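Read through the structure below, which is laid out as structure tokens, and then see the notes.
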There are 2 protein chains.
Amino acid sequence: MSPHDVQEAVRQTYQAYLTRHGLKSTVQREIIIKRFVKSRGHLSADELYAALREEHPSIGLATIYRTLKILTEAGIAREQRFNDGFTRYEFNGPDDRHHDHLVCTACGRVEEFENREIERLQEEVANIHGFAINDHKLELYGLCPDCARSGRNVG
Amino acid sequence: MSPHDVQEAVRQTYQAYLTRHGLKSTVQREIIIKRFVKSRGHLSADELYAALREEHPSIGLATIYRTLKILTEAGIAREQRFNDGFTRYEFNGPDDRHHDHLVCTACGRVEEFENREIERLQEEVANIHGFAINDHKLELYGLCPDCARSGRNVG
DNA sequence: TTCCAATTGAGAACAGAAGTCAAATCAACC
DNA sequence: GGTTGATTTGACTTCTGTTCTCAATTGGAA
Ligand SMILES: [Mn+2]
Ligand SMILES: [Mn+2]
Ligand SMILES: [Zn+2]
Ligand SMILES: [Zn+2]
């Protein structure tokens with residue numbers, strides 16, 4: 001899927017969500033979404049706020065929070081809570097697959113990985129315990145190669 | 001290891017930690033630890049506070065937090081952050097093995113499991129990415145058998 | 001006992017996030 | 001285009017779990 005197609009699919013999903021919930025499209029939301037989709041990191045609301053601060057200083061932090069909530073509910077964003085006290089949001093594109101995370105406890109770097117075998121074993125565990133799983137969280141915390149090499153250990 | 005031996009080992013570890021850090025033993029800490037070790041759940045500070053409230057109404061919440069921090073640092077307790085907004089603490093006995101959690105999103109029930117194969121695959125992933133892992137978090141969220149059967153879906 | 005650092009409980013402070021509200025904006029209708 | 005009413009906005013306040021502050025108390029070495 002080309003970047004343009006992704007952009008278009010997001011717009012489609014977003015508009016459908018607005019209509020379905022009787023919400024309005026606004027310039028602030030457009031700006032926030034465009035930047036969020038473009039950045040493709042694991043952003044906190046405050047980081048996104050800071051990223052928009054220069055070009056759009058009038059957009060309030062509350063609007064960022066509200067828009068991220070809409071995006072999450074529309075399936076365009078995904079919430080992640082690593083252990084730094086912030087809720088982080090990542091773009092969830094139309095053909096993005098589920099993945100889990102490696103988190104560097106020194107510099108905050110986040111790497112993604114996908115492991116079908118682990119996922120399968122998780123299902124097995126859930127079955128054994130009779131749980132009907134609808135979400136899971138797997139995070140590996142430690143030092144990234146750079147931080148391990150340089151002996152860093154705090155952020 | 002008998003309950004008495006566990007009790008004794010905890011006391012040992014606790015005392016050693018106090019000495020090593022120039023801390024004092026207090027009646028409040030003794031009471032909190034005894035109750036914490038006995039309960040063996042995944043308790044929030046507030047739940048522990050409530051549990052002690054009746055018998056020891058003068059013990060403050062701040063002291064609970066402070067004691068749980070000491071226990072965590074001494075390796076007697078382990079912090080867990082599930083997705084309910086509370087930090088939870090579980091007793092980490094001298095012969096307790098590492099385990100992960102199944103969490104019911106309806107009733108809050110927490111089940112533990114251990115899966116060496118998943119752990120091994122995690123190490124493999126970390127190696128591929130060059131990360132030096134020192135902690136990880138694996139939680140499966142869904143409905144426990146009871147809640148699934150009764151159609152419950154909120155806590 | 002004396003003495004002083006460690007500890008306590010109460011309340012204030014903190015931080016991320018969510019709520020409040022009057023003013024501004026969107027979009028449906030004419 | 002203009003009118004209208006519901007939605008949204010930004011600034012601010014509030015909320016909540018946790019930590020900090022501080023004067024009074026306590027623990028334990030001497
Ligand atoms: Mn990710
Ligand atoms: Mn556990
Ligand atoms: Zn790093
Ligand atoms: Zn349940």
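These numbers were taken from a predicted model, which means no experiment stands behind them. Every chain is numbered from 1, with letters handed out A, B, ... down the list of sequences.
B:I59 comes within contact range of the sugar-phosphate backbone alone, with a heavy-atom separation under 4.0 Å but no base atom that close. Looking at heavy-atom distances under 4.0 Å, A:S44 makes no contact with the nucleic acid at all.
Distance, A:L23 CG to C:dA28 P: 13 Å, rounded to whole Å. Distance B:R53 CZ to C:dA10 C1': 12 Å, rounded to the nearest Å. Atom C1' of nucleotide C:dC26 and atom CD of A:E30 are separated by 12 Å, given to the nearest angstrom. A straight line from OH of B:Y49 to P of D:dT16 spans 16 Å, rounded to a whole angstrom. Distance, B:R81 CZ to D:dT18 P: 8 Å, rounded to whole Å. Note: CD (B:Q15) to C1' (D:dG27) measures 12 Å, nearest angstrom. What separates CG of A:L52 from C1' of D:dT9 is a distance of 15 Å, to the nearest Å. In this structure, CZ of B:R66 is placed 11 Å from C1' of C:dA6, rounded to the nearest angstrom.
Checked against D:dT18, C:dG11, C:dC26, the side chain of A:K24 finds its nearest nucleotide in C:dC26. Closest to the B:T63 side chain, of the nucleotides D:dT9, D:dA11, C:dT8, is C:dT8. Ranking D:dG28, D:dG10, D:dC20 by closeness to the B:S25 side chain, first place goes to D:dG28. Candidate nucleotides C:dA6, D:dT18, D:dG28 were compared by shortest atom distance to the side chain of B:F86, and D:dT18 ranks first.
The nearest heavy atom of DNA chain D to A:R29 and to A:P57 marks one nucleotide each, and the one closer to the 5' end goes with A:R29.
Here A:T26 reaches the OP1 or OP2 of D:dT9: one of its side-chain N or O atoms lies under 4.0 Å away. For the pair B:Y65 and D:dT19, the criterion of a side-chain N or O lying under 4.0 Å from OP1 or OP2 is not met. Put simply, A:T87 has a side-chain N or O that comes within less than 4.0 Å of OP1 or OP2 on C:dA17. Remark: A:Q28 is not in phosphate contact with D:dT8, judged by side-chain N or O atoms under 4.0 Å from OP1 or OP2.
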Item to check | Verdict with reasoning, B:R120 to B:E117, per salt bridge (charged side-chain N to carboxylate O under 4.0 Å, His left out) | outcome: CA-CA 5 Å; B:R120 197 186 60 71; B:E117 182 63 5; 3.1 Å; yes
Item to check | Step-by-step salt bridge (charged side-chain N to carboxylate O under 4.0 Å, His left out) determination, B:R40 to B:E90 | outcome: CA-CA 6 Å; B:R40 287 194 160 269; B:E90 65 179 331; over 6 Å; no
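Below 30°, between 30° and 60°, or above 60°: for A:H42 and A:F82 the angle between ring planes is between 30° and 60°, a tilted geometry. Aromatic ring orientation, A:H101 versus A:H99: perpendicular (interplanar angle above 60°, classes split at 30° and 60°).
Taking a cutoff of 4.0 Å between a charged side-chain nitrogen and a carboxylate oxygen, B:E114 and B:R97 qualify as a salt bridge.
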